[in-house]
Amino acid sequence: MKLILAIVNDDDASNVVNALHKSGFSATKLATTGSYLKSGNSTFIIGVEDALVNTAIELISNNARKRVQVVNDPSPYVMSAMSAPLEVTVGGATVFVLDVEQFLKV
Ligand code: 2BA
């Protein structure tokens, strides 16, 4: 069994959760915050059998679009009043796949 941690943009979270649910995956959604943009994103915890890892990742990928967003430079070294607009790619998903040693419901 594997544990998938998938960080997606908040705008895509409901599409991702619906797609996972429709396909029979159990998932937990956490409200998280990215360290760079400091805006909300969503992290999904999904326990899956090894053979279904690629299917789950494909569902996430198909429902989390990449797009370019213009933001003020969020770097702590730049005062926001002086910061130039910056193009940042958001969306898509950042995915980690971990081995699960034990899976228990006690
Ligand atoms: P954030 O840290 O808010 O980053 C949002 C997006 O900003 C990133 O998208 C990337 O396109 C851009 N970005 C991040 N750091 C940057 C920098 N120093 N300079 C210029 N642009 C930068 P993603 O890479 O797709 O990441 C989306 C979210 O996934 C991140 O939100 C963070 O919450 C998480 N994440 C990404 N890589 C991670 C990692 N190695 N470990 C843990 N979480 C990660």
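Start at 1 and go down the list; that is how both ligands and their atoms are numbered. Positions are given from 1, in the same order as the sequence printed here. These numbers come from a predicted model, not from an experiment.
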Residues with a heavy atom under 4.0 Å from ligand 1, by chain and number, are Ile7, Gly34, Ser35, Tyr36, Leu37, Asn41, Val88, Thr89, Thr94, Phe96

Under 3.5 Å: donor-acceptor pair, side chain of Asp50, backbone of Met1: yes

With a 3.5 Å distance limit and no angle check, can you tell me whether Ser23 reaches the backbone of Ala19 through a side-chain donor-acceptor pair? yes

Run the salt-bridge test on Asp11 and Arg67 with the 4.0 Å N-O cut-off and return the result as yes or no. yes

Determine whether a donor-acceptor pair (N or O, by modelled atom type, separation under 3.5 Å) exists between the side chain of Thr43 and the backbone of Ile7. no

Side-chain donor/acceptor of Asn63 to backbone N/O of Leu59, under 3.5 Å: yes

Sorted by chain and number, sequence neighbours left out, side-chain contact (heavy atoms from CB on, under 4.5 Å) with Thr89 holds for Lys66, Val68

